[in-house]
2 protein chains.
Amino acid sequence: MKPTIYDVAEKAGVSIATVSKVINNRGKISEKTKKKVFEVMKQLDYQPSVVASALTGKRTQTIGLLIPDIANPYFAEVAKSLEKSAQKYGLGIVMCSTDSDSQKEADYISLLLRKQVDGLIIASDIQNMNLIEAVIKKGIPIVLFSVDNPSLYVNVVTVDDYKGGYQATEHLIQKEHKDIAIIVEKNKDSSKYRFQGYMDALKHHHLEIKQDFIKYAHSDISESRKVVDELLSMKNKPTAIFACNDLLATGVIQEARKHNLHIPIELSVVGFDNTILAEISDPGLTTVAQPIEEMAKYSIDLLVDEIEQKSTKRQRIMLLPELIIRESTTVFK
Amino acid sequence: MKPTIYDVAEKAGVSIATVSKVINNRGKISEKTKKKVFEVMKQLDYQPSVVASALTGKRTQTIGLLIPDIANPYFAEVAKSLEKSAQKYGLGIVMCSTDSDSQKEADYISLLLRKQVDGLIIASDIQNMNLIEAVIKKGIPIVLFSVDNPSLYVNVVTVDDYKGGYQATEHLIQKEHKDIAIIVEKNKDSSKYRFQGYMDALKHHHLEIKQDFIKYAHSDISESRKVVDELLSMKNKPTAIFACNDLLATGVIQEARKHNLHIPIELSVVGFDNTILAEISDPGLTTVAQPIEEMAKYSIDLLVDEIEQKSTKRQRIMLLPELIIRESTTVFK
DNA sequence: ATGAAAGCGCTAACAG
DNA sequence: CTGTTAGCGCTTTCAT
């Protein structure tokens, strides 16, 4: 049998209360007994039970992570960074891919609640706001990662999507492009801000906004290729395309190749997120990078602070994106 | 406060034992009180505490997943499929990226043990065998996913890597290639079997095995490109390359482009794993697919059976890989 | 500085 | 069919 605190107490010749105290480093315990207890713990290979400890009101040392799809490279990267930060606190992460499905979202939230996770990181667009509000009401700390919802009083960590969209577009403008199209990801809040940045960049530089150049697609290669095909089939086709994420941008590159358009000479393209797709894409994809590691660190720190009730105030942290210039963009002549 | 079983019992006018029984559907309870109890549970929005239930010897409804790196598309896909199967059983998955680092592996295993996870799925090459043996000794069910270790008495689910390597190579041979190089992933057990399959395919078809055509690289684009550069710089260069995973294959495609070699006309390439990289690669990458979903299903089923002690025997399930033919391979003339 | 004892929320005999 | 009760392993007063 797994040794319990009783075994340790008995073998060390002290009470379980004492053992508990040395484990948690509480109260006054003489160096001598402390040493003795540690010794016995080692001998017995004793590991305190998180379960039992959680039952007495302590933490479960587990947090839940809600994401749409772990197989999406962006979210995989997010999960990885969050995990890295969480590990420093000895927190385990329960991964919950919702598929943006409200039933799965509900199921997972219910599971997490029954498990009494210490907190939640939500990185997927919320399907059912009532559910989240209920969680907040129960006092479970929450951090929204890269999603925002002004109506919720919670910690939020995002990248400045508006500025990212602006930067991407301005980069193309500086390369003397005037006919810049955009592919917006459907049903995605962050994409709206990126789009807004695109619009404003054009406006500020007094460039005409062409409705035909604004396309919408779900985050899917073939949908992307479809709208790119439309774009490239126009008599006055764009000389540059800003895709609101790297997957969409990959579709642009593929379709351009099919149309025998050289990238970046005949068509420049910018993506968003700086995922592995941007790296391995050929030519390398110019894209807007989110400081994911840093965002993850802030998220975990905020969550832990709230869990440990070190802070009662909620924060909204917005970090700056960074344009990563690769080979998919150049001056238009 | 969160309602407890006492609140439900009181409000329903029964004992907590009765409530417990209806929750777990045990013993004989009259339909009438059953109904009454369910009613009250709904009213109170009562959710049984997994923590308390786990303390009384039941399950924690959590399993641990050890993988090297969730940001690697193959493992992300694995995690996704496992999660999908686990969800059907109401199991949460704690994600543990070990980075193939033995310290992290040890830390995570210790955390999982303290959390009393119901079982473990190991999808990363084991760093410290003693640790795993200790886990087994404690009676924690384990399934090895896509890794094998003959010395352990545990459930194993893998793909037939040998056959996959054989198929990939034979596919190229059938396309009349005679000079087929291979890039083997370093420090990876599964890669050895794939390599073995390559060797045997060449032998069986009476093709010469050229030592110069056998290259090793870590799973990394630039390492791959480096060895491909060597290959393509040879006077008698290969007409086809089998890369032991899709990332390495992506490196092949990029470097071939740099050498102005047309794929597949001048160089055919085959990958392994059928990740998103193979899909988005341009041209589409012919690759060997692992039946990940099915493997995941078997893994979870085996694990659950062992957890519930339905079966005391361990199994080794080896599924067949499937060659997915895309545009990166063609007949050599 | 240390220990006795009362829970935490639930399960599982065992009685009735 | 339903209830009583003794834990599960740990934390936390409150005494000593």
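We use all heavy atoms of the structure for the numbers below, so side chains are in, but hydrogens, waters and symmetry mates are not. What you are looking at is a predicted structure, and each value in this text was computed from that prediction instead of being measured. Reminder, nothing fancy here: chain letters follow the sequence lines and each chain counts from 1.
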Using only side-chain N and O atoms of [X], determine if any of them is under 4.0 Å from OP1 or OP2 of [N].
X: B:Ser20; N: C:dC10; value: no
X: A:Ser53; N: D:dG9; value: no
X: A:Tyr6; N: C:dA4; value: no
X: B:Ser30; N: D:dT2; value: yes
X: A:Arg26; N: D:dT11; value: no

_Assuming nearest nucleotide by heavy-atom distance, tell me which of A:Thr33 and B:Lys58 is located more 5' along DNA chain C._
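Upstream on the strand: A:Thr33.
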
Starting at atom [atom1] of [X], determine the distance to atom [atom2] of [N], rounded to an integer number of angstrom.
X: A:Lys115; N: C:dG9; atom1: NZ; atom2: P; value: 18 Å
X: A:Lys21; N: D:dC14; atom1: NZ; atom2: C1'; value: 10 Å
X: B:Asn25; N: D:dC1; atom1: CG; atom2: C1'; value: 15 Å
X: A:Leu113; N: C:dG9; atom1: CG; atom2: P; value: 15 Å
X: B:Ile23; N: C:dC10; atom1: CD1; atom2: C1'; value: 8 Å
X: A:Glu10; N: D:dG9; atom1: CD; atom2: C1'; value: 15 Å
X: B:Ile5; N: C:dG7; atom1: CD1; atom2: C1'; value: 16 Å
X: B:Lys36; N: D:dG3; atom1: NZ; atom2: C1'; value: 18 Å

Would you mind telling me which of [options] lies closest to the side-chain atoms of [X]?
X: A:Asn24; options: D:dG3, D:dG9, D:dT11; answer: D:dT11
X: B:Ala52; options: C:dC10, D:dG3, D:dT11; answer: C:dC10
X: A:Leu55; options: C:dC8, C:dC14, C:dG3; answer: C:dC8
X: A:Thr4; options: D:dC10, C:dA4, C:dG9; answer: D:dC10
X: B:Ile16; options: D:dG3, C:dG9, C:dT11; answer: C:dT11
X: A:Thr56; options: D:dT5, C:dC8, D:dC1; answer: C:dC8
X: A:Pro48; options: C:dG3, C:dG9, D:dC10; answer: D:dC10
X: A:Thr18; options: C:dT2, D:dT11, C:dC8; answer: C:dT2

*Determine, for B:Asp7 against B:Lys11, whether the closest basic-nitrogen to carboxylate-oxygen distance falls under 4.0 angstrom.*
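Between B:Lys11 and B:Asp7 there is no salt bridge, as every charged N stays at least 4.0 Å from the carboxylate O atoms.
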
*Any ion pair linking A:Arg314 and A:Asp305 (charged N to carboxylate O, less than 4.0 Å)?*
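Looking at A:Arg314 together with A:Asp305, the answer is no, because their closest N to O distance does not fall below 4.0 Å.
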
*Is there a donor-acceptor contact under 3.5 Å linking the side chains of B:Asn155 and B:Glu306?*
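B:Asn155 vs B:Glu306: donor-acceptor pair found between side chains.
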
*For the residue pair B:Asn128 and B:Ser102, confirm or rule out a side-chain donor-acceptor distance under 3.5 Å.*
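Their side chains do not contain a donor-acceptor pair, so the 3.5 Å distance test is not met.
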
*asked:* Could you check whether atom CD of B:Glu133 has more than 12 heavy atoms from other residues, nucleotides or ligands sitting under 6.0 Å from it?
replied: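 Atom CD in B:Glu133 is crowded, with more than 12 foreign heavy atoms closer than 6.0 Å.
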
*asked:* Are there over 12 heavy-atom neighbours, none belonging to A:Lys35, within less than 6.0 Å of that residue's NZ?
replied: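 Incorrect, the count does not exceed 12.
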
*Name the nucleic acid region contacted by B:Val14, choosing base, sugar-phosphate or nothing; use a 4.0 angstrom heavy-atom cut-off, strictly under.*
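Answer is sugar-phosphate: B:Val14 comes under 4.0 Å of backbone atoms only.
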
_Given the structure, check if the side chain of B:Lys2 and the base of C:dG9 hold any donor-acceptor pair shorter than 3.5 Å._
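Answer no: no donor N or O sits under 3.5 Å from an acceptor.
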
